[in-house]
Amino acid sequence: MKRIFLLIGVPIFLIAAYFIADSILFDGFKPKRINEDGFQGEIFAKAEAKNQTTVIVLGGGDWAHYWGDQFVKQGHVALSLPFLGVSGNPNLPEVYPLEYFEKAISWLGKKPEVNANKILIMGASRNAELALLLASVYPNLIHGVIAYAPGSVVWSNTVLPYSSDEILPSYTLNGNPIPFIKMEKIKGGDESIINTIEYWKKGLESQDSSRTAEIQVEKVNGPILLISGKSDEVWPSSEMANQIETRAKSNGFNFNIQNLQYENAGHLISSNPDSESDTDQRTGEIRLGEKEYEYSFGGTQVGDNAAKVDAKQKVIDFINKL
């Protein structure tokens with residue numbers, strides 16, 4: 001009997017202890033997983049939430065979980081929305097149907113905890129490009145944008161070295177390509193360090209199609225918050241943020257647009273602004289062919305951290321005022 005207890009009782013005790021410890025030590029908000037209507041995601045909402053401002057965080061992952069937890073603490077709702085390789089969609093942002101996002105946002109707007117007239121969308125880097133694009137294409141569904149290290153244009157699939165070699169549209173709508181800047185893939189040289197920002201700047205400056213590839217941000221049906229580091233060395237996010245602001249104001253944009261730009265901050269401005277997420281890693285790695293190259297994020301650790309803390313409060317204030 002004692003042996004039976006040990007075989008059965010001890011595992012039960014350990015399992016119970018795990019869940020008790022988990023509930024004590026976990027100080028965040030556990031989202032509910034969604035897998036229906038042809039899309040997947042996680043929704044962050046308190047049980048008592050009704051008719052709340054809601055933020056869609058593109059890409060999912062730790063970043064979405066961090067912000068989902070922050071928004072719930074403010075009494076709002078969030079949807080973590082991964083998309084690459086989800087529900088039979090492409091594993092890369094190439095020929096990716098925007099209808100996938102329309103389906104998810106339409107579903108979200110029908111939830112009782114969500115105010116369908118106060119749905120915002122949030123992204124960083126190329127996901128910020130996508131957030132601005134979606135808000136311009138679906139103004140009846142999306143009512144504001146938060147864009148970290150934003151892009152002002154739509155790029156071809158080939159800006160990512162692991163995408164197809166054939167130049168293709170990154171996104172489609174009703175089977176038609178969204179206009180984009182055609183880019184040859186980035187190439188490395190003899191040095192082990194590669195300058196990525198010049199690659200993007202060349203695309204902005206030399207392509208005849210850059211004007212038609214501009215995101216029509218004037219169609220966004222709500223305020224826009226742009227956040228960038230002036231020392232971003234991955235791509236020219238501050239320059240593109242200025243292009244976004246200029247286009248919006250030149251075309252009669254009817255809402256407020258904030259263009260926050262931080263000194264001594266780089267591309268890592270979008271990482272989680274908690275002290276435990278501080279990092280002294282100032283470079284990343286990219287594989288081109290058979291060789292690994294190093295590229296700079298730009299900025300300094302002190303500059304990044306100061307920017308992240310300030311921007312976090314600006315994001316919360318932005319949402320609370322909607």
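For clarity, every value in this text was computed on a predicted model and none was experimentally measured. Each residue takes its place number in the sequence, starting with 1.
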Looking just at side-chain N and O atoms, do [X] and [Y] make a donor-acceptor pair shorter than 3.5 Å?
X    : Y    : value
D310 : Y262 : yes
D304 : H267 : no
S237 : S228 : no
T196 : E233 : no
T300 : N264 : no
D62  : N272 : no

Check: F101 ring centre within less than 6.0 Å of F83 ring centre: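 When the ring centroids of F101 and F83 are compared, they turn out to be within the sub-6.0 Å range.
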F255 ring center within less than 6.0 Å of F253 ring center: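 Aromatic pair counts; centres sit under 6.0 Å.
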Connected via hydrophobic side-chain network under 4.5 Å: I146 and I215: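 No: no chain of side-chain contacts under 4.5 Å links I146 to I215.
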Within one Ile-Leu-Val-Met-Phe-Trp-Tyr cluster: V217 and L322, side-chain cutoff 4.5 Å: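 Shared cluster, no.
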Could you tell me which non-hydrogen atom of [X] sits nearest to which non-hydrogen atom of [Y], and how far apart they are?
X    : Y    : answer
V154 : I178 : CG2-CG2, 4.1 Å
G123 : A131 : N-CB, 4.1 Å
E245 : L226 : N-CD1, 4.5 Å
I167 : E184 : CD1-OE2, 4.0 Å
Y100 : G38  : CE1-O, 3.3 Å
P93  : L160 : CG-CD1, 3.5 Å

Please check if the side chain of [X] supplies one atom and the backbone of [Y] the other of a donor-acceptor pair under 3.5 Å.
X    : Y    : value
Q40  : P82  : no
W63  : A124 : no
N174 : N176 : no
K182 : P169 : no

Salt bridge (charged side-chain N to carboxylate O under 4.0 Å, His left out) pairs, two or more places apart, involving residues 136-151: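 Every candidate salt bridge (charged side-chain N to carboxylate O under 4.0 Å, His left out) pair involving residues 136-151 fails, so no pair, neighbours aside, qualifies.
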Ion pair check, K73 and D69, cut-off under 4.0 Å: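 Looking at K73 and D69, the cut-off is met.
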K312 and D317 ion-paired at < 4.0 Å: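 Salt bridge between K312 and D317, a charged N being under 4.0 Å from a carboxylate O: no.
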Chi angles and distances behind the side chain to side chain contact (heavy atoms under 4.5 Å, CB included) call for N127, Y148: CA-CA 9 Å; N127 282 348; Y148 272 87; over 6 Å; no
Whether W235 and W155 hold their rings parallel, tilted or perpendicular, with breakpoints at 30° and 60°: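 Ring orientation of W235 relative to W155: tilted.
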Plane angle bin for Y171 and Y96 - parallel if under 30°, tilted between 30 and 60°, otherwise perpendicular: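 If you compare the ring of Y96 with that of Y171, the planes turn out perpendicular.
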Sequence neighbours excluded - side chain to side chain donor-acceptor pair (under 3.5 Å) pairs with any residue from residues 42-56: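 Of all non-adjacent pairs touching residues 42-56, those that pass side chain to side chain donor-acceptor pair (under 3.5 Å) are E42-H65.
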Enclosure of K111 NZ (heavy-atom neighbours >12, cutoff 6.0 Å):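 Atom NZ in K111 is packed in, count exceeds 12.
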For F318, the option from I224, V55, L225 that meets side chain to side chain contact (heavy atoms under 4.5 Å, CB included):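 Of all the options given, the one that passes is L225.
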Min side-chain heavy-atom separation P97-N89 under 4.5 Å: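 Yes, their side chains come closer than 4.5 Å.
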side-chain hydrogen bond (donor to acceptor under 3.5 Å, both in side chains) evaluation trace for Q216 with N251: CA-CA 9 Å; Q216 298 177 24; N251 288 275; over 6 Å; no
From CA spacing to verdict: side chain to side chain contact (heavy atoms under 4.5 Å, CB included), R126, V159: CA-CA 10 Å; R126 287 216 70 202; V159 294; 3.6 Å; yes
Test side chain to side chain contact (heavy atoms under 4.5 Å, CB included) applied to S152 and L204, step by step: CA-CA 9 Å; S152 58; L204 285 175; 4.3 Å; yes
Side chain to side chain contact (heavy atoms under 4.5 Å, CB included) between L98 and L133, intermediate numbers included: CA-CA 9 Å; L98 295 186; L133 175 63; 4.2 Å; yes
Residues N157, S170; criterion side-chain hydrogen bond (donor to acceptor under 3.5 Å, both in side chains); working and verdict: CA-CA 5 Å; N157 65 315; S170 289; 5.9 Å; no
